[in-house]
Amino acid sequence: MNIILNGASGSGKGSMAALLVRDFGLVHISTGDLFRENMAKKTELGKKVESYVSTGKWVPDEVTIAVLLDRIKQPDCKKGVILDGFPRTLNQAKALKAVLDVDLVIAIDVTDEIVQARLGGRYMCRKCGTIHAARWDKIDKCKKCGGELYQRDDDKAEFIQKRLENFKQNNAEILDFYRADNKLFVVHDKLENTPEDTYRAVKDVVAKL
């Protein structure tokens, strides 16, 4: 079973993926995590990615597709995957369709205000890369390893609106692409919802597969 989580940054895809992994044992693959791993290791790919991410721009399709397709070929992906942050363009969706049978696309619908609030309070651990809602949890160290927390450049206010605009420009045609294949399920999130609140409807749909 292969699932795509679709939604703007800050929509809660990571939290949703963690719950799906817990209940269905699938492999969570985040293109953001793959990019950050390469940036941390200072690989050539990481340097390319950082030049885009640091200014709020999207990484070019050819780079993103190559990284993702290489990952899903790994043995641990045979049972099924949850793709988080991919595809983000119609070109990526078409490239994915050629190599992977997608069973369900879960689109998490949130308002701009929710995205701005969540991203503005999101901090990452410098040591292990874990993301925390530090502003609301009122913490200043990583819960996982005790490392220092910092706010990524692309989570700062001046970049958030640019990220939203980039997302909206491409996402409508992606949703249409999967809607045409009858694989799209839309879940509406609210600021007061916990991840478990939003997940209830999703779990029912996935269980039926």
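Counting heavy atoms from C-beta on, the side chains of Glu37 and Asp33 never come closer than 4.5 Å. Here the side chains of Val102 and Ile3 are not in contact, with every heavy-atom distance at 4.5 Å or above. Between Ile82 and Val27 there is no side-chain heavy-atom pair separated by less than 4.5 Å. Side-chain contact between Pro87 and Tyr178 is present, with heavy atoms from C-beta onward closer than 4.5 Å. By the 4.5 Å heavy-atom criterion applied to side chains, Ile106 and Val206 are counted as neighbours. Counting heavy atoms from C-beta on, the side chains of Val63 and Tyr52 never come closer than 4.5 Å. Side-chain contact check for Asn38 versus Val49: every heavy-atom pair is 4.5 Å or farther apart. Residues Ile174 and Asn6 are in side-chain contact: their nearest non-hydrogen atoms beyond the backbone lie under 4.5 Å apart.
Contact detail for Lys127 and Gly147: the closest heavy-atom pair is CB-CA, 4.4 Å. The nearest pair of heavy atoms linking Leu26 to Lys79 is CD2-O, 4.2 Å. Here the closest non-hydrogen pair linking Phe86 and Ile4 is O-CG2, 3.6 Å. Residues Lys97 and Asp181 approach most closely at NZ-OD2, 3.3 Å, considering heavy atoms. The shortest heavy-atom contact between Ala107 and Leu175 is CB-CD2, 4.0 Å. Pairing each heavy atom of Leu19 with each of Pro195, the nearest pair is CD1-O, 3.8 Å.
Here OG of Ser15 is found 10.0 Å from CD of Glu196. Values are rounded to the nearest 0.5 Å. Ser11 contributes atom OG, which lies 6.5 Å from atom CZ of Phe167 (distance to the nearest 0.5 angstrom).
Between Asp103 and Lys183, no side-chain nitrogen of the basic residue sits less than 4.0 Å from a carboxylate oxygen of the acidic one, so the salt-bridge criterion is not met. A salt bridge links Arg200 with Asp197; the closest basic N to acidic carboxylate O contact falls under 4.0 Å. Ion pairing of Lys47 with Glu50 is absent here, as no side-chain N (NZ or NE/NH1/NH2) approaches a carboxylate O to less than 4.0 Å. Salt-bridge annotation for Asp189 and Lys13: absent, with no side-chain N of the basic residue lying under 4.0 Å from a carboxylate O of the acidic one.
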Test log, rule side chain to side chain contact (heavy atoms under 4.5 Å, CB included), inputs Leu209 and Leu104 | CA-CA 9 Å; Leu209 292 176; Leu104 179 67; 3.8 Å; yes

Could you please spell out the steps behind the side chain to side chain contact (heavy atoms under 4.5 Å, CB included) verdict for Asn91 and Ile65?
-> CA-CA 9 Å; Asn91 185 44; Ile65 290 169; 4.1 Å; yes

Can you check salt bridge (charged side-chain N to carboxylate O under 4.0 Å, His left out) on Arg88 and Asp61, steps first, answer last?
-> CA-CA 9 Å; Arg88 288 195 173 182; Asp61 278 357; over 6 Å; no

Evaluate the salt bridge (charged side-chain N to carboxylate O under 4.0 Å, His left out) criterion for residues Glu173 and Lys168: first the C-alpha distance (whole Å), next the side-chain angles of each, then the deciding distance (0.1 Å), finally the verdict.
-> CA-CA 9 Å; Glu173 58 185 3; Lys168 291 177 182 179; over 6 Å; no

Apply side chain to side chain contact (heavy atoms under 4.5 Å, CB included) to Asp176 and Leu184, showing your working.
-> CA-CA 9 Å; Asp176 288 342; Leu184 182 65; over 6 Å; no

Test Leu5 against Leu20 for side chain to side chain contact (heavy atoms under 4.5 Å, CB included), laying out the working first.
-> CA-CA 11 Å; Leu5 289 177; Leu20 288 168; 4.2 Å; yes

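Using modelled atom types, one side-chain atom of Ser51 and one backbone atom of Lys48 make a donor-acceptor pair closer than 3.5 Å. Side chain of Thr130 to main chain of Lys144: no donor-acceptor pair is present (N/O by atom type, distance under 3.5 Å, no hydrogens or angles).
Linking ILVMFWY side-chain heavy atoms closer than 4.5 Å, directly or via other members, places Met1 and Val21 in a single hydrophobic cluster. Under the 4.5 Å side-chain contact rule for hydrophobic residues, Phe24 and Met16 share a cluster. Tracing side-chain contacts under 4.5 Å through hydrophobic residues (I, L, V, M, F, W, Y), one never reaches Met124 starting from Ile139; they form parts of separate clusters. No chain of hydrophobic side-chain contacts below 4.5 Å, direct or via other Ile, Leu, Val, Met, Phe, Trp or Tyr residues, connects Leu34 to Ile131.
Partner of Leu83 under the side-chain contact (heavy atoms from CB on, under 4.5 Å) criterion, chosen from Leu96, Val105, Asn2: Leu96.
Using modelled atom types and a 3.5 Å distance limit, the side chains of Asp23 and Tyr199 yield a donor-acceptor pair. Looking only at atom types and distance, the side chain of Thr89 has no donor-acceptor partner in the side chain of Asn170 under 3.5 Å away.
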